[in-house]
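Single-structure report; data block below.
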Amino acid sequence: IFRTGEVALRIQDIRASDEGSYYCYFESKTYYNHAYFEIEVKALGSDPHISVEKLPGGMVQLVCMTFGWYPKPEVQWGEDDQKNFSIQFITKQANDTGLFNAVAIITLAGRSEEH
């Protein structure tokens, strides 16, 4: 508590689980007051990493991975001609940090060697 009657809350090593509503109430013999506030936790994850793998039958698989996001990220794949491919999205929350890791896998079928 400061001399001016101000109160401070300090949260160190903030984690995703610290997100939420907080309430502060204080009083003396002649005065009381309270405050409500919300803490929103955000974590900007890693740059996406894309790997390419040739599969049997002329298919190609692209895997996009990114790590350390909060809140849960949205992952999208796209191309102008959205024919002949399938997409799989996997987003998992890391148990120890509460941050999210995401993987998006696209499998392209019947592509020529030019692509």
* With distance as the sole test, does Asn101 use its side chain to make a donor-acceptor pair with the main-chain N or O of Gly68 at under 3.5 Å? -> yes
* Gln61 (side chain) donor-acceptor with Glu53 (main chain) under 3.5 angstrom -> no
* To do: With sequence neighbours left out, write down each residue that passes side chain to side chain donor-acceptor pair (under 3.5 Å) with Ser46, or none if nothing qualifies.
  => Thr66
* To do: Could you list all the ring-ring contact (aromatic ring centres under 6.0 Å, His included) pairs where at least one residue sits in residues 47-75, not counting sequence neighbours?
  => none
Hydrophobic cluster membership, with links at side-chain heavy-atom distances under 4.5 Å among I/L/V/M/F/W/Y: are [X] and [Y] in one?
{"X": "Tyr22", "Y": "Tyr32", "answer": "no"}
{"X": "Met65", "Y": "Ile90", "answer": "yes"}
{"X": "Ile106", "Y": "Val60", "answer": "yes"}
{"X": "Ile50", "Y": "Val103", "answer": "no"}
{"X": "Tyr31", "Y": "Tyr25", "answer": "no"}

* To do: To the nearest 0.5 Å, tell me how far Glu74 CD sits from Lys72 NZ.
  => 9.5 Å
* Which value, rounded to the nearest 0.5 Å, describes the distance between Ile87 atom CD1 and Ile105 atom CD1? -> 11.0 Å
* For the residue pair Pro71 and Phe100, what are the closest heavy atoms and their distance? -> C-CD1, 3.9 Å
* Non-hydrogen atoms of Ala16 and Gly98 that approach each other most closely -> CB-O, 3.9 Å
Contacts table for residues 36-43: side-chain donor-acceptor under 3.5 angstrom, sequence neighbours left out:
{"residue": "Glu38", "atom": "OE2", "partner": "Ser21", "partner atom": "OG", "Å": "2.3"}

